[in-house]
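Beneath this line is the structure, given in structure tokens, with notes to follow.
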Amino acid sequence: MRRSKYFMPTLKETPSEAQIPSHRLMLRAGMVRQTAAGIYSWLPMGYRVLRKIEQIVREEMDATGAQEILMPTIQPAELWQESGRYDDYGKEMLRINDRHDRALLYGPTHEEIVTDIFRNSVRSYRDLPQNLYQIHWKFRDEVRPRFGVMRGREFFMKDNYSFDIDAESARRSYNKMFVSYLRTFARMGLTPIPMQADSGAIGGDMSHEFIVLADTGESAVYCDRDWFKTDPLSLEIDFDADLQPIVDRWTELYAATDEKHDAENCPIDEKQLYTGRGIEVGHIFYFGTKYSDSMGATVSDSEGKETKVEMGSYGIGVSRLVGAIIEANHDDDGIIWPESVAPFKAGIINLRAGDEGCDGVCQQLYDGLTEAGVDALYDDRDERAGVKFAEMDLIGLPWQIAVGPRGVKAGTVEIKQRGGEREEVSVESALARLT
RNA sequence: CGGGGCGUGGCGCAGUCUGGUAGCGCACCUGCUUUGGGAGCAGGGGGUCGGAGGUUCAAAUCCUCUCGCCCCGACCA
């Protein structure tokens, strides 16, 4: 993509409404624009990142055998009246009436809809287990949206729902999600720490929040330093195998959010305790027959008896992750994207646009990268070097290649990783480095 | 929802207390000079001061109402 043609309205100054780094940087880098309180429009570069994250989530969901569906954003009130949540949910739920004065709502979550789909379509235990996911928009009318995309009212979310014949099978479904989440977040360059969460009326240990550490995170977290020795990406996972040992391993180390942590009775040594901040990016939850009960979702078991299905639901805040990743990866100059979610892998800076030599080398680099399938942003504008360097640092592409008249004469370009040192190399080796 | 704050060109702000017909920096346009870390000079365009009422000879400024946004707290992917 040529910068001169790319819609990326960057800002030198920070709009006054933005307080935390990710919000400021997303506005400054031209990734998003606020449309209303807690409601954002995604501009080309922000949308690229959102899609990268979405794709990682999708791949990891698919790897577990979950199947992607797409449910409506607008839902009929009847289903919620049936589950009993229509009155419980309160003002966070955006309620709408259509022209016939029928009560509708903009879905804050989709348990009712999937349960409805399921009960109308599945009759036998032979069709279980089942796990359906979707990635799309939800709306919760937060009293106080803030932190930009990290706590919006409208947000992009992956949510999925498991259906099992019994509690034991439901635990297997839960474990799959648990392990899958570890990989999903790790692939985005984040350190995910599962923390036991309140599992409500069901009780037990079947609810976890996934927290990623970030200095500017919303809540204080306490955990064992051994967390940093673990690497989810090194896990060889067979989703058909028993995952309980992996889950056990990832829950035996201490980890607690502010609310649960008790300094007096902390089970681990002070030296071993890491104190930091974190952002909740995922939540998995087993809730048994809560909805199958109220909404009559049953199947025949192996003896022909009607049995309520055991369910769980699992969420990942996809749009929140964009902010969370920036919170965890930035410096004073701007964003530092992990390669897996970067909008472009590399930026090419033409330090003397219009100079025949510079133009030629830049084109050669750009073509070379493009042919190799590497996304590059080529800053071909007639701007001063400082402007280009500053913007490239701001938008945080993992690699920068600077092409100037001096180097071109000597047959070299300068390559550096965002935040790293510059290195003079030949055009060929620059290309080799990135392809 | 309780408490606080702010709405003035695209962005950041001054002007409001003490009414007199809107200003600065950045960005934008033109020209020249510059050209390796957000250039310099000159010229130029753009705002009925969030909105509606009211007071006044006169309102960004005073009064009333209203809408929007932000921050702290309680709540959440």
Side-chain angles (χ1 to χ4, degrees), chain A residues 9-20 23-24 27-28 30 33-39 53 57 89-93 107-110 134-160 181 184-185 197-198 207-212 218-219 257 259 278-285 313-324 332-334 349-355 358 379 381-395 400-409 412-414 416 422 424:
Chain A
T10 55
L11 301 170
K12 211 158 150 181
E13 288 173 284
T14 304
S16 59
E17 76 260 20
Q19 304 295 320
I20 63 165
H23 191 192
R24 299 158 53 140
L27 290 172
R28 287 228 292 134
R33 285 293 182 264
Q34 178 166 307
T35 298
I39 299 177
I53 294 171
V57 171
Y89 221 91
K91 291 194 158 186
E92 266 199 2
M93 186 156 77
T109 177
H110 283 72
Q134 64 171 350
I135 305 175
H136 82 150
W137 296 98
K138 298 209 181 317
F139 191 93
R140 292 182 194 167
D141 198 359
E142 298 274 346
V143 205
R144 192 186 157 215
R146 60 183 134 167
F147 304 146
V149 117
M150 295 243 290
R151 173 122 43 114
R153 291 193 292 171
E154 187 180 54
F155 54 99
F156 203 51
M157 179 181 180
K158 185 284 301 177
D159 51 314
N160 63 306
Y181 273 32
T184 302
F185 297 126
D198 185 11
S207 178
H208 287 87
E209 289 178 9
F210 284 74
I211 306 278
V212 299
E218 293 181 73
S219 44
T257 55
E259 304 88 54
I279 301 164
E280 184 185 353
V281 290
H283 199 157
I284 59 178
F285 194 72
S313 70
Y314 316 87
I316 288 180
V318 176
S319 49
R320 166 177 285 189
L321 273 166
V322 180
D332 290 344
D333 295 324
I349 301 176
N350 188 339
L351 292 170
R352 187 74 62 83
D355 176 88
C358 290
D379 195 340
R381 296 172 303 170
D382 182 19
E383 286 284 356
R384 299 177 68 81
V387 172
K388 297 187 179 188
F389 281 124
E391 183 180 279
M392 210 51 94
D393 286 343
L394 171 65
I395 67 175
Q400 298 177 8
I401 309 176
V403 178
R406 288 206 303 259
V408 167
K409 272 208 191 84
T412 62
V413 298
E414 287 166 20
K416 77 159 188 176
R422 264 187 245 166
E424 277 199 39

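Order of the sequence lines sets the chain letters (A, B, ...), proteins ahead of strands, with each chain counted from 1.
For A/Glu383 against B/rG38, no side-chain N or O and base N or O form a donor-acceptor pair under 3.5 Å. Counting atom types as modelled, A/Arg422 pairs a side-chain N or O with a base atom of B/rG37 as donor and acceptor under 3.5 Å. With hydrogens and angles ignored, no donor-acceptor pair under 3.5 angstrom links the side chain of A/Arg140 to the base of B/rC75.
In this structure, B/rA60 forms no base pair with any nucleotide, since neither Watson-Crick nor G-U wobble geometry is met with both distances under 3.5 Å. Base pairing of B/rC76: no nucleotide in any strand meets the Watson-Crick or G-U wobble criterion (both distances under 3.5 Å). Base-pair partner of B/rG47: not found among the strands shown (Watson-Crick or G-U wobble, both distances under 3.5 Å). B/rA39: Watson-Crick or G-U partner is B/rU33, with both key distances under 3.5 Å. Across every strand in view, B/rC24 sits in a pair with B/rG12 that passes the Watson-Crick or G-U test at under 3.5 angstrom. B/rU55 is unpaired under the Watson-Crick or G-U wobble criterion, no partner having all donor-acceptor distances under 3.5 Å. Nucleotide B/rC6 forms a pair with B/rG68, judged by Watson-Crick or G-U wobble geometry with both contacts under 3.5 Å.
Of the candidates B/rG36, B/rC69, B/rG38, the closest approach to any side-chain atom of A/Ala390 belongs to B/rG38. Ranking B/rC76, B/rC70, B/rG37 by closeness to the A/Glu17 side chain, first place goes to B/rC70. Distance from the side chain of A/Glu13 is smallest for B/rG12 among the nucleotides B/rG12, B/rC76, B/rA74. Checking B/rC70, B/rU34, B/rG38 against the side-chain heavy atoms of A/Ala37 singles out B/rC70 as nearest. Of all nucleotides listed (B/rC11, B/rG36, B/rA77), B/rC11 comes nearest to the side chain of A/Leu11. Of the candidate nucleotides B/rC26, B/rA74, B/rU35, B/rC26 has the atom nearest to the side chain of A/Lys12. Considering only side-chain atoms of A/Leu351, the nucleotide from B/rG38, B/rC69, B/rG36 that sits closest is B/rG36.
A 4.5 Å side-chain heavy-atom check between A/Lys138 and A/Asp159 finds at least one atom pair inside the cut-off. Contact of the A/Gln400 side chain with the A/Asp393 side chain is registered, since non-hydrogen atoms from C-beta on lie closer than 4.5 Å. Put simply, the side chain of A/Thr109 reaches to within 4.5 Å of the side chain of A/Tyr89, judged on heavy atoms. The side-chain heavy atoms of A/Glu280 and A/Ile211, taken from C-beta on, include a pair separated by under 4.5 Å. Annotation: side chain of A/Val281 is not in contact with side chain of A/Tyr181 (no heavy-atom distance under 4.5 Å).
Distances shown here put every side-chain N or O of A/Ser16 at or beyond 4.0 Å from the OP1 or OP2 atom of B/rC70. Taking 4.0 angstrom as the limit, A/Lys138 places none of its side-chain polar atoms (N or O) nearer than this to OP1 or OP2 of B/rA77.
Across the protein-nucleic acid pair, A/Phe389 atom CZ and B/rU35 atom C1' stand 12 Å apart, rounded to whole Å. The distance from atom CZ of A/Arg146 to atom C1' of B/rA74 is 9 Å, rounded to the nearest whole Å. Note: CG (A/Asp141) to P (B/rC76) measures 16 Å, nearest angstrom. As rounded to whole Å, 13 Å separates atom P of B/rC75 from atom CD of A/Glu209. Separating the CD atom of A/Gln134 from the P atom of B/rA77 is a distance of 16 Å, rounded to the nearest angstrom. Here the C1' atom of nucleotide B/rA74 and the CD atom of A/Glu92 are 12 Å apart, to the nearest Å. Across the protein-nucleic acid pair, A/Arg144 atom CZ and B/rG68 atom P stand 17 Å apart, rounded to whole Å. Going from atom CZ of A/Arg28 over to atom C1' of B/rG12 covers 12 Å, rounded to whole Å.
Between atom CD of residue A/Glu154 and atom CD1 of residue A/Ile39 there is a gap of 6.0 Å, rounded to the nearest 0.5 Å.
Between the side-chain ring of A/Phe155 and the base of B/rA77, a stacking contact exists by the 5.5 Å and 30° definition.
Between A/Glu414 and A/Arg422, at least one side-chain nitrogen of the basic residue sits less than 4.0 Å from a carboxylate oxygen of the acidic one, meeting the salt-bridge criterion.
Nearest-nucleotide mapping onto RNA chain B: of A/Lys388 and A/Gly38, the residue sitting toward the 5' end is A/Lys388. Residue-to-nucleotide proximity on RNA chain B shows that, of A/Ile316 and A/Val408, the 5′-proximal contact is made by A/Val408.
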